[in-house]
Every structure is written in C-alpha cells, then in structure tokens.
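These notes are about the structure you will find just below.
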2 protein chains.
Amino acid sequence: MPSVTVENYLKHLLLLAEETDGLVPMGALSAALAVVPGTVTTMVKSLAADGLVVHRPRQGVKLTAAGRRLALGVLRKHRLVETFLVQVLKMHWSAVNAEAEQLEHAISDAVLDRLDALLGHPSTDPHGDPIPSRLGKLHSQVYATLATCPLARPVRLVRITEQSAEFLQFAELHGLLPGASARVTDRNLAAGLVTVQRPRGRPLALSLAAAGRILVEPSR
Amino acid sequence: MPSVTVENYLKHLLLLAEETDGLVPMGALSAALAVVPGTVTTMVKSLAADGLVVHRPRQGVKLTAAGRRLALGVLRKHRLVETFLVQVLKMHWSAVNAEAEQLEHAISDAVLDRLDALLGHPSTDPHGDPIPSRLGKLHSQVYATLATCPLARPVRLVRITEQSAEFLQFAELHGLLPGASARVTDRNLAAGLVTVQRPRGRPLALSLAAAGRILVEPSR
DNA sequence: GAATTTATTTTGACTACTCAAAATAGCGGG
DNA sequence: CCCGCTATTTTGAGTAGTCAAAATAAATTC
C-alpha cells in the first residue's frame, strides 16, 4: 500500500501534468508539495525505482502508467469526498478541499463505492473538476477560460481550477459559480485586466491570472 | 497536532483502561497495538514526556487528564464514523470497525460535527458502544453480560464489546444484535459453556469468553 | 531463599521522510 | 567562449517510529 506521502507526490504530479503536459519540472513539484527541492529529487528517485514515475535528471518527472493509475485513484477519492462534503454535509465549497486532502488517504474503495452510489455517480465535483471513473478514465475537456474566450459572447462557467478558500469565497461573492452565466465585455492585456458582466450584476474586474482559472463554454 | 501513532496509543490505552481499571500493563498495550514490547516502552516514555500518560516503570501506564481528553476525541470520531457507515452508507456492522480505524485520524472536528448532526446526535454506535460527547463525557454504564446475568430471566442485549468481523457476523447470524431479547437457560462453568435461548430460536451454545463480550440489561 | 520463568527495558540498527547547505549542470548574454 | 544565473542534485544530518536481541527486574516455584 502506498504511503500518504507517495500518494501526494503522485496526485500533484497528475495535477501538474495537466498544465505542463510532458515533463513536470522538479521545482514545480517542490512548490506544489511545499517541500525543499532536494527532498523532491530524493523522493522522485525512489518513486522511479518503484516504477511509478520516469525521472529525466535535470529535466523533470512524469508518471508511468502504474503511477497514473494510482494518482487517478487518489484524485477520484479527493473529488468524490469533496462532493459528499458539499452535497450531503452541506459544507461550504471553499472549505472542502482542505478536508478532502486528509480523507483521500484514509478512505477505502469499499466506502468510496457506497459514497459514489449515494451521490448518484457524479461526473464533476463542486468546483466543476471532473471526477475520474472507477476505471481510471478522466474525461477532462479542453475549455476556454475567462482570459481566452471570445469577447461579448455569453458563456456558461463550468469549472474553477483554483482551490484556495479565499479565491473561492471571492468567486461565490460575485456569483462566479459553476453553472452561472457571464460575458467578458473587455480585456486589457497591457493592464492584465478582464472585465466580466454577470446578468443583473455590476461589471466585475478580474486579473488575467484569476480569469485564467475560470473555465467556460459557449452558452446555448 | 498528535500523530496517527500517538492517537492510536492513547485510544487503546483508554479502551484497555476500561477493563484493567488502574494501570495498563505494557504487555497489554503491546498486544493491542501489534507492536513489540520494546517499542511500547520507548513510545510510552515519549508520551510521558509530553504529559499525555504517566509511566510507572515495570508496572504500567495510564492516561493523564490531557491524554484522556485526546483519547476521547479519537474514540468519538471512531464511533460516530462507524455509525455513519452503517446508517447512511448501509455498510455491514462487522466491516465498519476497520474502516473507522483509518478515518478516525483523518476527519476534522468541523466534519465530525456535521456528521453528528446528520445522525441526530446518537449516544451509541452500531455495536452499542457509547459515543463520547463533544465535551468528553463518556457515559458508560456497568452492565451484566451473558456470562454473569441471572439465569432464566429475560434480558435485552445492549452492547457487543468485540470488534472482530468474524465474531460480529456470527452474532448477527444468531440474532445477537443490540436491542434483541434473550434468556440464559444454562451456564456450565466447568465446561465453560453458556446456553442462550432466543425467542423463536434454537438454544445456542456460547463459550464463556464470548458470552462475556455481550452486555445485557434486565428486560422490562 | 535460591532458581527459574515472565514482563519489561535497553541497546543498536533500520526505514521513510525531511531540511540546510554545498556542489554541479545547463542555460542565456555578452 | 566564458560568465553568471537558476534549477537541480548531492551530502550530511535529524526526527518519528519500528524491530531484534541482550540485559534486567520482579514474581513464582520448589
């Protein structure tokens, strides 16, 4: 059975691979895990020895098929637990990431299956993040973001790819929840500002970085 | 924050104290934790240094007030989680101890409070074991057992103080669940056998040891 | 009251993970 | 082509928890 530490290395590697696609730099992993770079080098070498990752020295790491399978299992637990915490226990969506961070390593597959059934086999968690299937399929579509979608066109928010409680609380305050409608009225690259219009709301200014964390699809 | 290991030492110490009352011998703790005796000595000394237990060398250990408070918190998590697994996720009562063993160390107080409310603030878990209150009160009554209750008198089962899946499955198979009625028709100390009569059931033979794990109260 | 058994403690060593700080590699600029 | 910067790796050391096996203390037996 993989340790909590190993599960975390693999999970973050999977998450970072989505953005980086290809090799994940050691520094990115080090930052994500809040661990000094030297520690990552050591651990990655041991993960490589176990066949869970491939290590290209001085270049980066990536998951092997076995490592990816394990990582998907952890991610499935994380996102199903988040969904449970919000839908059944009525917790706030900004609080559940931290809770799931712990529970994902303690919950068995048997309990997870029951939870999955209780929730009606959801395909996304409360942030819109896709939940890997029992078989390890992660059907993550490529979406536009508020930083890249066409101007003036109505869009529907589908996913918030940022877990910090502050950001999520800010987002909710301004009605930026998965499922909500919006329209980007202006985008100023020089200033790094995006202006978003919500139905029945004041125009809202967002940094380009923040806008890039909000995934959208064309409305209707 | 106490480690998983520390939480387990304290929890088992609390459980063993119920039976042993007074000092728990090192050997008992060693057996309960499935760890060699030398390890227990080492750990107990470090727990004592942290003010969580009192160590009487060559005699045994007991919890301090601080240690007991922590242990009660863990036990509360364990038993509420068990209750949740049975009542909400419909798992079998013989399986939930092992699951709760893991989850008790990963669940936060915030989640626990929601769970407690969802379950209607239960006072016992599915085995009839009392759940410590949020404030750390453990109202565990002294009950008779099938090994000690008066002969021929009708009794109601209140608690099964044995967590092994095999035993619990055996108990359920013969209708020995908390809440059930029964009557001890015969007790043979020499043979170490207790005969139990269930309404509409065949007489059932139980070892004295097994009978001692089933707590009862006078019926009506 | 010595001798033996049993419980406990000590000692030395190991695994998994971590950090701090020094060494090194590979890059981009001049 | 060399210089310096940044990312990475190495080295040495520490913490938490564990085991195996030898040493010791206490209790039991004769």
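Below, chain A is the first sequence line, B the second, and so on; all start at residue 1.
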message: For Gly136(A), is there any backbone N or O sitting under 3.5 Å from a side-chain donor or acceptor partner on Arg69(A)?
response: no
- prompt: Can you name the one residue among Lys77(A), Arg79(A), Lys11(A) that meets side chain to side chain donor-acceptor pair (under 3.5 Å) with Glu104(A)?
  reply: Lys11(A)
- line: Testing dT10(D), dT18(C), dT9(C) for proximity to the side chain of Met43(A), the answer is dT18(C)
message: If you compare every side-chain N and O of Thr41(B) against the phosphate oxygens of dT9(C) (OP1, OP2), does one of them come in below 4.0 Å?
response: yes
field: Whole-Å gap separating P (dA16(D)) and CG (Leu47(B))
entry: 12 Å
field: Non-hydrogen side-chain atoms of Leu168(B) and His127(B) separated by less than 4.5 Å
entry: yes
- prompt: Contact class for Gly27(B) (heavy atom, under 4.0 Å): base, sugar-phosphate, or nothing?
  reply: sugar-phosphate
- line: note: Leu29(A), atom CG; dT8(D), atom P; distance rounded to Å ~ 10 Å
message: Let's see if you can work this out: which of dT24(D), dT18(D), dT10(D) has an atom nearest to the side-chain heavy atoms of Thr5(B)?
response: dT18(D)
field: Tyr9(A) vs dA16(C): side-chain N/O to OP1/OP2 distance below 4.0 Å
entry: no
query: Under 6.0 Å from the CZ atom of Arg159(B), do we count more than 12 heavy atoms belonging to anything else shown?
result: yes
- line: Closest to the side chain of His55(B), out of dT10(C), dT9(C), dA20(D), is dT9(C)
- prompt: Could a donor-acceptor pair under 3.5 angstrom be found where the side chain of Arg58(A) meets the base of dT9(D)?
  reply: no
field: Given dG17(D), dC17(C), dT18(C), the nucleotide with the shortest approach to the side chain of Thr42(A)
entry: dT18(C)
query: If we ignore angles and hydrogens, is there a donor and acceptor under 3.5 Å between the side chains of Asn8(B) and His105(B)?
result: yes
query: For Val40(A), which contact category applies under a 4.0 Å heavy-atom criterion: base, sugar-phosphate, or nothing?
result: nothing
message: If I take atom CG in residue Leu23(A) and atom C1' in nucleotide dA7(D), what distance separates them, rounded to the nearest angstrom?
response: 14 Å
- prompt: Atom CD of Gln59(B) to atom P of dT9(C): distance rounded to whole Å?
  reply: 10 Å
field: Among dA20(C), dT18(C), dT9(D), the nucleotide that comes nearest once only the side chain of Thr39(A) is considered
entry: dT18(C)
Leu52(A) CG - dA16(C) P separation (whole Å): 13 Å
field: Integer-rounded Å distance: dT15(D) P and Asp50(B) CG
entry: 14 Å
- prompt: For Ser3(B), which contact category applies under a 4.0 Å heavy-atom criterion: base, sugar-phosphate, or nothing?
  reply: sugar-phosphate
statement: From CG of Asn8(B) across to C1' of dG17(D) the rounded distance in Å is 13 Å
field: Rounded distance in Å - CG (Leu33(A)) to C1' (dA16(C))
entry: 15 Å
